[in-house]
Amino acid sequence: MAAELTAHQLIAQHRPTLDLALETIRTRAYWSPHPEHPKAYGENGSLDTAAGKAAFDALAGTRLDLGQPGTDGWVGGEVSPYGIELGVEYPHADLDVLLPAMQAGQKAWRDAGAELRAMVCLEILKRIADRTMEFAQAVMHTSGQAFMMAFQAGGPHAQDRGMEAVAYAYVEQSRTPETAEWTKPQGKRDPLALTKRFTPVPRGIGLVVGCNTFPTWNGYPGLFASLATGNAVLVKPHPRAVLPLALTVQVARDVLTEVGFDPNLVALAAERPGEGIAKTLATRPEIRIIDYTGSTAFGDWLEANARQAQVYTEKAGVNTVIVESTDDYRGMLANLAFSLSLYSGQMCTTPQNLLIPRDGIRTDQGAKSYDEVTADLARAVDGLLGDDARANALLGAIVNPDVKARLEAAAGLGEVALASREVTNPEFPDAVVRTPVIVKLDGAKPEDEAAYTSECFGPVSFAVAVDSADHAVELLRRSVREKGAMTVGAYTTDPEVEEAVQEVCLDEAAQLSLNLTGGVYVNQTAAFSDFHGSGGNPAANAALCDGAFVANRFRVVEVRRPA
């Protein structure tokens, strides 16, 4: 069919946005083209909160036909952590038909060039942004995030991360000029002269293996990095979180068609219960790039077995906060309480281990013992979550039974400083909502070590008594080196302790936040400015987002001829 959107129209509309993104990743300043307050929606043709909810409700019981080749059946069965059945069916693919169809469109996509590919990606992101409120509902009811977090993290923040990946992809592809005239003097003889053309060429099909907790936020960077560098992309969602990524694929296919490209450049691979197609896909020769977020065990398997592909993993780590001293005790407690509570701790960046000297810490309110710090932190969490309405708005729902089981088992690992309690959600009575548990452990006891050196994903934190600041730094170094960390935090007014913590984080490649007491939290990062993960410790082999995240998704092929 004829293109409905021309390259000229796309460039006129989106080039200014790309230029702003390019400038921001250079300066690392704050910028976002996607509003993060619900009141901004409903303008310029986007859905407001009510319209987004209505659009989501209209999906119930429907079949999301993407028009993909090789559809051999339909799959579904998602149940919201809030207790409602989504009832949406998705196409199940015959991979032997779908994968060749995806490869067929890559030549035209490659030949389009880096700029037009970036513009198409930004158009996809704009269409998604116009439906942010619908996507927020889809993220909420597949991840268990509370609405406000599902709206922000699943909407504007995810879209920012996707756009950030497009900007980095454009930078890396533009680093080499398209053509060059090469002349080498030969003394008295005629010079040697060549004309050279350099073309970024895709690796092949990129596979995005989605996660349950942040399907769009974690899915968009890899999806758009691969697409912007000329690769087709196959999206394999988590079986419990298909809808947000299926809607994404639908939007991408619509835009590709309107611009005159093959819609099969982006496709969905939903799976039957227990089918486990991620392993099958990961080792197919057509799959040349893999983006994965999830458990360490499967991430390690991908790195070891998907030998034909470039593999980018975000796995798991043990996130640590050292509490040595503070000049804002109340602010520190409030900041930590929020960090431990947000989305029931179901974030790869939530602090797990709080390393506190057993002799206590110095504060602006005087000396505080280890027991006082843990008790005060427990009271801060209790105060934050004491009102059930506020608790529901912060905690969301427990995403799956495994998290609930870990939470319940944690209370048996040591002395409980803060017991978890059940919270009723009046709007969704079947939702499993629990407040965090804080367990006291001793960093000098070998019998406690197994607990705090293993990741306990969910609303579980350990207040670990340590012998000194030096002991805390030593435990931090060992933990990051052996288990990895997505985030590290520290509270200290001592320049020597601060320097020691920084040195560990530089040595072990861990992202560090110091003395956060206001509205910025250790488990949140801003696209275009903050790096999510580093790619330098066992928690992840890639960072969102840097040049390394995109540069190896394509290669530059040279054609040279006599001038």
Side-chain angles (χ1 to χ4, degrees), residues 1-7 9-11 14 64-71 90-91 93-128 162-163 165-166 169-170 172-173 199-210 216 219-237 244-270 281 284-291 309-310 312 550 553-555:
M1 62 176 289
E4 299 173 25
L5 281 172
T6 67
Q9 289 172 323
L10 287 173
I11 292 170
H14 296 300
L64 200 67
D65 190 346
L66 301 174
Q68 295 182 175
T71 297
Y90 310 97
D94 179 340
L95 299 177
D96 292 329
V97 176
L98 180 60
L99 292 174
M102 296 183 71
Q103 291 173 317
Q106 284 197 144
K107 179 182 184 301
W109 187 236
R110 177 201 70 200
D111 294 345
E115 184 179 37
L116 182 53
R117 286 196 296 269
M119 299 302 105
V120 173
C121 288
L122 295 190
E123 178 65 19
I124 295 168
L125 284 165
K126 178 191 177 298
R127 302 276 184 96
I128 292 170
M163 186 176 291
V166 173
Y170 181 80
E172 294 302 324
Q173 292 173 98
T199 303
V201 298
R203 281 187 171 271
I205 298 176
L207 172 67
V208 175
V209 182
T216 55
Y220 284 4
L223 192 165
F224 285 100
S226 286
L227 193 61
T229 49
N231 304 277
V233 180
L234 181 61
V235 179
K236 204 297 291 182
L245 291 177
L247 293 174
T248 301
V249 169
Q250 183 184 53
V251 172
R253 291 174 66 86
D254 287 346
V255 171
L256 287 163
T257 299
E258 290 180 33
V259 186
F261 292 106
D262 190 334
N264 297 320
L265 286 165
V266 180
L268 185 77
L281 281 168
R284 296 250 336 190
E286 302 95 331
I287 301 298
R288 303 303 301 277
I289 303 166
I290 298 173
D291 287 277
Q310 183 72 26
Y312 300 90
V550 299
R553 294 171 191 265
F554 68 95
R555 307 310 299 164

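What you see is a predicted model; the values in this text were computed from it and never measured.
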*Asks:* Mind checking the CD1-CZ spacing from I289 to F554? Nearest 0.5 Å is all I need.
*Replies:* 10.5 Å
*Asks:* Give me the atom names and distance for the closest heavy-atom approach of A165 to V550.
*Replies:* O-CG1, 3.9 Å
*Asks:* What do the steps show when you test L268 against L64 for side-chain contact (heavy atoms from CB on, under 4.5 Å), and what is the final call?
*Replies:* CA-CA 11 Å; L268 185 77; L64 200 67; 5.9 Å; no
*Asks:* I need the L223 CG to C121 SG distance, nearest 0.5 Å.
*Replies:* 8.0 Å
*Asks:* Residues two or more places apart in sequence or in another chain: which of them pass side-chain hydrogen bond (donor to acceptor under 3.5 Å, both in side chains) with N231?
*Replies:* T229
*Asks:* Please report the C-alpha distance between L98 and L234 in whole Å, then the side-chain angles of each, then the deciding distance to 0.1 Å, and finally whether the side-chain contact (heavy atoms from CB on, under 4.5 Å) criterion is met.
*Replies:* CA-CA 10 Å; L98 180 60; L234 181 61; 3.9 Å; yes
*Asks:* Hey, what do you get for CD (E258) to CZ (R127), rounding to the nearest 0.5 Å?
*Replies:* 4.0 Å
*Asks:* Looking at CD of E4 and OG1 of T257, how far apart are the two atoms once the value is rounded to the nearest 0.5 Å?
*Replies:* 9.0 Å
*Asks:* Hey, are the side chains of V266 and I124 touching, using non-hydrogen atoms and a 4.5 Å cut-off?
*Replies:* no
*Asks:* Of all the heavy-atom pairs spanning Q68 and V249, show the shortest one and how long it is.
*Replies:* OE1-CG1, 4.2 Å
*Asks:* Please report the interatomic distance CD(Q310) to CZ(R288), rounded to the nearest 0.5 Å.
*Replies:* 10.0 Å
*Asks:* Applying the side chain to side chain donor-acceptor pair (under 3.5 Å) test to H14, which of E123, K126, E115 qualifies?
*Replies:* E123
*Asks:* For the pair R117 (side chain) and W109 (backbone), establish whether a donor and an acceptor sit closer than 3.5 Å, ignoring hydrogens and angles.
*Replies:* yes
*Asks:* Of all the heavy-atom pairs spanning A101 and D262, show the shortest one and how long it is.
*Replies:* O-OD2, 4.0 Å
*Asks:* Minimum heavy-atom separation for F224 to G162, with atom names?
*Replies:* CB-O, 3.7 Å
*Asks:* Would you say Q106's side chain and A232's backbone share a donor-acceptor pair under 3.5 angstrom?
*Replies:* yes
*Asks:* Can you name the nearest heavy-atom pair linking K236 to L281, along with the distance?
*Replies:* CG-CD1, 3.8 Å
*Asks:* Would you find a donor on one side and an acceptor on the other, under 3.5 Å apart, between the side chain of R253 and the backbone of P263?
*Replies:* yes
*Asks:* Of the options L5, I11, V166, which is the one that meets M119 in a side chain to side chain contact (heavy atoms under 4.5 Å, CB included)?
*Replies:* I11
*Asks:* CZ/F261 to CG/L116 distance, rounded to the nearest 0.5 angstrom?
*Replies:* 4.5 Å
*Asks:* Measure across N264 and M102 and return the closest heavy-atom pair with its distance rounded to 0.1 Å.
*Replies:* O-CG, 3.2 Å
*Asks:* Test side-chain contact (heavy atoms from CB on, under 4.5 Å) on L66 and T71; report intermediate values, then the result.
*Replies:* CA-CA 9 Å; L66 301 174; T71 297; over 6 Å; no
*Asks:* Against the six-membered ring of Y312, is R553 placed for a cation-pi contact (under 6.0 Å from the centre, within 45° of the normal)?
*Replies:* yes
*Asks:* Is it true that R284 and D96 make a salt bridge, defined as a side-chain N closer than 4.0 Å to a carboxylate O?
*Replies:* yes
